[in-house]
Enquirer: 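Below you'll find the structure I mean.
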Amino acid sequence: MDLKLIEKKWQQRWEKAKLHGFDKKSDAPKLYVLEMFSYPSGAKLHVGHWYNYGPADSYARFKRMQGYNVFQPMGFDAFGLPAENYAIKTGVHPKDSTEKNIATMENQLKAMGAMFDWSAEIKTCGEDYYKWTQWMFLQLYKKGLSYRKEAPVNWCPSCQTVLANEQVVDGVCERCSTQVVRKNLTQWFFKITEYAEELLTGLDTLDWPEKTKNMQRNWIGRSTGCEIEFPCESGDKIRVYTTRCDTVFGVTYVVLAPEHPLARKLATPEQLPAVEAYIEEASKANEIERLSSTREKTGVFTGSYAINPLNGRRVPVWLADYVLASYGTGAVMAVPAHDERDYQFATKYGLPIVKVIEKQGGETTLPFCEDGIVVGSLDFDGLVGEEARDAIATQISKLGKGGKKINYRLRDWLVSRQRYWGAPIPVIHCPNCGAVPVPEKDLPVRLPYDVEFRPDGKSPLAKHAGFMETVCPVCGKPAQRDPDTLDTFVCSSWYYLRYADPNNEKAPFDRAAADRLLPVDTYVGGAEHACMHLLYARFFTKALRDMGYLDFDEPFKRLVHQGVILGPDGNRMSKSHGNIVSPDDYVNEYGADAFRLYLMFGFSYTEGGPWNDDGIKAIARFLDRVEKIVLKIGGYKAKRDEPYGAEEKALDYARNFAISRIAKDLEAFSFNTAVARLMEFVNALYKYDGVENKNVSLLKAAAKDLILLIGPCAPHFADELWEQTGGKGFVLEQPFPREDPEALRLDEKEYAVQINSKIVCKAMIPSDLDRDAVEAFVLALPEIAARTAGKAVKKCVVVPGRLVNLIVG
RNA sequence: GCGGACGUGGCGGAAUGGCAGACGCGUUGGACUUAGAAUCCAAUGGGAGACCGUGAGGGUUCGACCCCCUCCGUCCGCACCA
């Protein structure tokens, strides 16, 4: 069979029959199966796309055959930096290159033979989509979840532009190799931190890989601690955050982040030059350098002192960049005896070290950072760990100097990008009224085409007068648009909702349409999105719920990550390794079905692994074998239900075993074992076909099941065989075979017989024997009788259907 | 540094605490062919053998690839979060 030829034919027939869409009229249970949409940066689908979409589509097809009304849409995450960088390099406009790439990829996706519902296709760079992305921004703004603040960004002084973290390579600009500095700019943020607690607890309800849930947990980083106020002699108050308030009597100095608002103010006149210099120096270090824990700590004394509210001790106030401005209060109490970092710093600068915790039942070596017995802390001496922290926190509250506090590492989401190829931020800056949201009726704020996007120091849109100049919606006076665009992760935070109602011109989606389809039942995509897209989408869902647009809490009930297909050399595929495997070459030679089947069979789905050419040849051979035996059986004329003896029973068993296992395996995304079960079934068919006096009816029924079982995995191939053997309609419309439990019941089963846990022999034992009868049966076996003669059987373990273990003294 | 995952034949990989290595690749032998390709059949963890084998070492158990502890290696995530 020429797979390439038949694939085209079946794709056309499927399309004509509108076989693949979600059936709005059906009352079958819905199942929303979603794969992460494609990013059209390259012109072609790569192996990773096939690996994500092919097997996931087989799952979707399987569920459809099981009777679900499956919705499986596809679209394009079409805004983003790569298209813009490509434009800067080649001069091809991002819109043009993106549209061209999308057209190519659409064709390739269709050639894959996946049952995508193309009627719901979306492209995030389309006006009809980004209009609603902007709408989302406005709703978040109304709800107080979108706000503007000054924040440090990576800034290249040579290119005069903000850089994304990925564009900073080893502290320098990837384009001009200039040292990148941090600079404060006013940017838009989404208040994802408002949902930190729910984003954390909601994870418990999700059927997601534990690893991914843990990554989100760590990313959110909840910690319980205590805030404590240290009054300064200047009258200022320094609030610190600590998780170890049980060590508060060991504080020997206080440290502020260089960006702390009091940093300059607390500097005494003679210390001011040094403080200024230090702040300047710290601003030059980039984030990655600065956060490196291996770097030697630096700092400067402000000249001021603060008072420890618990013991009245006067301690010096320092600045040091090992303290982060963006976490907690941006200030810490330093306890060198019980904190690794403070210890290093105190040792370097000769600051005192005061031990206030003793190791329980052992020698205390400093720094000692575990829980222990409190000492030198007045009334609190003798308390341990949590009870000490509770008591001290209570005391701090009583003094009115702070109290218990929960903090998260999660930061608000910075969504402004000084970039062209994205959704414009729908805000107008008015000299009189300030930042004014664009009225919803004026959406979309269109992204102009004729823009100079080559970097020359300004946000590309800022140079486009026609875009920038507008009037204030509030006072009507001349005003300027916000020149920034939204992070592309904003576009992808709600696309799964738009699929439910892709052509709605009045709203991002209709509530009823969303309720009909969502949440996504099974979401399949790469693990690299664990702490970005997958977190942002959850945030959007919760925010939209609280604004009354949705009534579910989580967008993706079940999540599966496919692994990564490596090059044949075991390295990640890349141009520099020269190990890129092009799907097209293989699809052209073997067909999409063979390619998909190899991706299912050759790897453990969630693991991935190195590509191997031999594997796909084996699959081509397997398909040939299937075709041969199915067509041969299809040609048998006689209708005969006889005989039905041991050989027939074996075939029937193999058939029903395959049905039962393949259903389980596909459900679990265990594609490699599902294909293995198909192969076993084919082997059984060949074996039975070799029998002389055949039960033709049984054989034909088995061959029919084989076509249906292979249908989800090799859809074109299965439809071709289905047609050639007289099947009506499409395989996808047939119910997935159901196993006959009777056929799986065997009269006798092979047991392994052990004596003292060592296998002695195997025995066929009737299935209807009870435990004692099995023991008696085994003891009567000649090999066993000989070895147990004259010995006492102390114990007999029977695992029904599998094994007997005799413990003999 | 912290956290997680993984480690099984020559290779990809299977195994609810119960016969380790399903299925496939590769290899070897055979059949069919003038010959080869293709196909089909058989064998294939190691060892001549008793036996030994799931990274190493311990433990729990009648029984451990699977559970527990220690160590080694690989990969991934986070990385001064007080």
Side-chain angles (χ1 to χ4, degrees), chain A residues 209-219 221-223 225-226 240-245 247 255 257 288 290-297 320-324 326-335 338-342 344-345 369 407-411 527-528 530-531 563-564 566 570 572 598 601-604 606-619 621-622 624-625 628 661 665 670 672-683 686 690 750-762 794-808:
Chain A
E210 274 311 309
K211 180 180 176 169
T212 307
K213 291 206 259 186
N214 269 329
M215 278 169 70
Q216 288 207 356
R217 285 187 189 112
N218 293 335
W219 189 262
R222 185 185 201 267
S223 85
C226 188
V240 303
Y241 174 73
T242 179
T243 53
R244 291 297 306 275
C245 66
T247 65
V255 198
I288 296 141
R290 181 172 160 192
L291 293 181
S292 163
S293 52
T294 52
R295 184 165 152 260
E296 194 178 350
K297 296 180 182 10
D321 67 0
Y322 78 90
V323 176
L324 305 173
S326 51
Y327 183 76
T329 58
V332 302
M333 58 178 218
V335 187
H338 306 296
D339 183 280
E340 196 84 43
R341 298 150 299 184
D342 298 341
Q344 278 178 31
F345 193 80
C369 306
N407 261 325
Y408 301 89
R409 307 165 71 143
L410 184 68
R411 307 291 153 78
E528 66 275 17
C531 294
V564 179
L566 306 170
R572 216 166 237 277
Y598 170 56
F601 181 62
F603 311 86
S604 162
T606 54
E607 298 293 316
W611 176 266
N612 174 345
D613 269 8
D614 292 333
I616 192 159
K617 289 183 194 135
I619 288 294
R621 187 179 310 165
F622 167 66
D624 273 347
R625 259 170 81 75
K628 251 182 232 161
R661 288 296 302 270
D665 288 345
S670 179
N672 54 346
T673 53
V675 177
R677 301 287 92 88
L678 279 171
M679 289 171 169
E680 284 170 347
F681 184 27
V682 171
N683 292 342
Y686 268 90
E750 190 187 56
Y751 279 66
V753 185
Q754 301 179 326
I755 292 178
N756 293 337
S757 305
K758 294 228 168 190
I759 292 173
V760 174
C761 65
K762 303 198 175 168
K794 288 195 220 153
K795 188 174 173 181
C796 174
V797 181
V798 175
V799 182
R802 306 194 69 111
L803 161 148
V804 179
N805 188 9
L806 297 165
I807 308 306
V808 174

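Letters A, B, ... mirror the listed sequences (proteins, then strands); counts begin at 1. Since the model is a prediction, treat every value here as computed from it, not as a measurement.
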Enquirer: Determine the interatomic distance between P on B:G55 and the same-named atom on B:G10; round to the nearest Å.
Expert: 13 Å

Enquirer: Which part of the nucleic acid does A:Lys758 contact within heavy-atom distance under 4.0 Å: base, sugar-phosphate only, or nothing?
Expert: sugar-phosphate

Enquirer: Who passes side chain to side chain donor-acceptor pair (under 3.5 Å) against A:Asp614, sequence neighbours left out?
Expert: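 Checked A:Asp614 against side chain to side chain donor-acceptor pair (under 3.5 Å); zero matches.
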
Enquirer: Atom CD of residue position A:Glu340 - does it have more than 12 heavy atoms of other residues, nucleotides or ligands inside 6.0 Å?
Expert: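 Not more than 12 within 6.0 Å, no.
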
Enquirer: Identify whether any heavy atom of A:Gly570 sits under 4.0 Å from a base atom; if not, whether one sits that close to sugar-phosphate; answer base, sugar-phosphate or nothing.
Expert: nothing

Enquirer: Would you say a side-chain N or O of A:Ser604 is under 4.0 Å from OP1 or OP2 of B:G12?
Expert: no

Enquirer: From OH of A:Tyr686 over to P of B:U39, roughly how many Å is that when rounded to an integer?
Expert: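 Those two atoms, OH and P, are 10 Å apart.
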
Enquirer: Please figure out whether A:Phe603 or A:Tyr408 has its closest RNA chain B nucleotide nearer the 5' end.
Expert: A:Phe603

Enquirer: Output the rounded distance in Å from CG (A:Asp665) to C1' (B:A15).
Expert: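 So the CG-C1' distance, A:Asp665 to B:A15, works out to 12 Å.
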
Enquirer: Could you work out the separation of B:G59 and B:G77 based on their C1' atoms and round it to a whole Å?
Expert: 31 Å

Enquirer: Please check if the side chain of A:Tyr322 supplies one atom and the backbone of A:Phe345 the other of a donor-acceptor pair under 3.5 Å.
Expert: no

Enquirer: Base, sugar-phosphate alone, or nothing: which one does A:Arg572 contact when heavy atoms must sit under 4.0 Å apart?
Expert: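 No contact.
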
Enquirer: So, the side chain of A:Asp342 versus the backbone of A:Val335: is there a donor-acceptor pair under 3.5 Å, distance only?
Expert: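 The answer is yes, because a donor-acceptor pair under 3.5 Å joins these two groups.
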
Enquirer: Atom CZ of A:Phe622 to atom P of B:A38: distance rounded to whole Å?
Expert: 19 Å

Enquirer: Measure the distance from CD on A:Glu528 to P on B:A5 and round it to the nearest whole Å.
Expert: 20 Å

Enquirer: On RNA chain B, nearest-nucleotide positions of A:Arg244 versus A:Ile807: which is more 5'?
Expert: A:Ile807

Enquirer: When you compare B:G45 with B:G63, how far apart are their P atoms, in angstrom units rounded to a whole number?
Expert: 27 Å

Enquirer: I'd like the P distance from B:G9 over to B:G57, given in whole Å.
Expert: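 Looking at atom P only, B:G57 and B:G9 are 15 Å apart.
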
Enquirer: Side chain of A:Asn218, heavy atoms from C-beta onward: which of B:A82, B:C78, B:G3 has the nearest atom to it?
Expert: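 Shortest atom-to-atom distance from the side chain points to B:G3.
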
Enquirer: Base of B:G59 relative to its sugar, syn (within 90° of 0) or anti?
Expert: anti

Enquirer: Can you check the distance between B:C62 and B:C71, where both ends of the measurement are the P atom (answer in whole Å)?
Expert: 28 Å

Enquirer: Between B:G7 and B:C68, how many Å separate the two P atoms, rounded to a whole number?
Expert: 14 Å

Enquirer: Take atom CH2 of A:Trp611 and atom P of B:G13, then tell me their distance rounded to the nearest Å.
Expert: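 After rounding, the reported distance stands at 13 Å.
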
Enquirer: Using Watson-Crick and G-U wobble pairs whose two distances are both under 3.5 Å, how do you write the pairing of RNA chain B as dot-bracket, with | for links to another strand?
Expert: (((((((..(((.....[....)))((((((.......))))))((....))..(((((..]....))))))))))))....

Enquirer: With rounding to whole Å, what would you report as the distance between B:C19 and B:C25 at their P atoms?
Expert: 25 Å

Enquirer: Separation of A:Lys794 atom NZ from B:G63 atom C1', in whole Å?
Expert: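 Spelled out: NZ on A:Lys794 to C1' on B:G63 is 15 Å.
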
Enquirer: Residues two or more places apart in sequence or in another chain: which of them pass side chain to side chain donor-acceptor pair (under 3.5 Å) with A:Asp339?
Expert: A:Arg341

Enquirer: Let me know the distance between CZ of A:Arg222 and P of B:A82, rounded to the nearest Å.
Expert: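 To the nearest whole Å, that distance equals 12 Å.
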
Enquirer: Drop me the distance from A:Ile807's CD1 to A:Asn756's CG, to the nearest 0.5 angstrom.
Expert: 5.0 Å

Enquirer: Does the A:Tyr598 side chain pair with the main chain of A:Ala618, one donor and one acceptor, at a distance under 3.5 Å?
Expert: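 No, A:Tyr598 side chain to A:Ala618 backbone: no donor-acceptor pair under 3.5 Å.
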
Enquirer: Could you tell me which residues satisfy side-chain contact (heavy atoms from CB on, under 4.5 Å) with A:Thr329, sequence neighbours excluded, listed by chain and number?
Expert: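 Listed in chain order: A:Glu227, A:Arg239, A:Tyr241, A:Ala331.
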
Enquirer: Quick one: A:Glu607 CD to B:G4 P, roughly how many Å, whole number?
Expert: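 Taking atom P of B:G4 as the reference, CD of A:Glu607 is at 17 Å.
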
Enquirer: Given the C1' atoms of B:G36 and B:C23, what is the spacing between them in whole Å?
Expert: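 Pairwise C1' distance, B:G36 against B:C23, rounds to 30 Å.
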
Enquirer: For A:Arg572, enumerate each residue passing the side chain to side chain donor-acceptor pair (under 3.5 Å) test, keeping only those at least two apart in sequence or located in another chain.
Expert: none

Enquirer: Is the backbone N or O of A:Gly801 less than 3.5 Å from a side-chain atom of A:Tyr751, with the two atoms forming a donor-acceptor pair by type?
Expert: yes

Enquirer: Given 3.5 Å as the limit, does a donor-acceptor pair link the side chain of A:Arg244 with the main chain of A:Cys369, or not?
Expert: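 Yes; at least one donor-acceptor contact below 3.5 Å.
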
Enquirer: In the 5'-to-3' direction, what one-character label does each nucleotide of nucleotides 17-28 of chain B receive under the scheme B = base within less than 4.0 Å of a protein heavy atom, S = sugar-phosphate only, - = no such atom?
Expert: -BB--BBSSS--

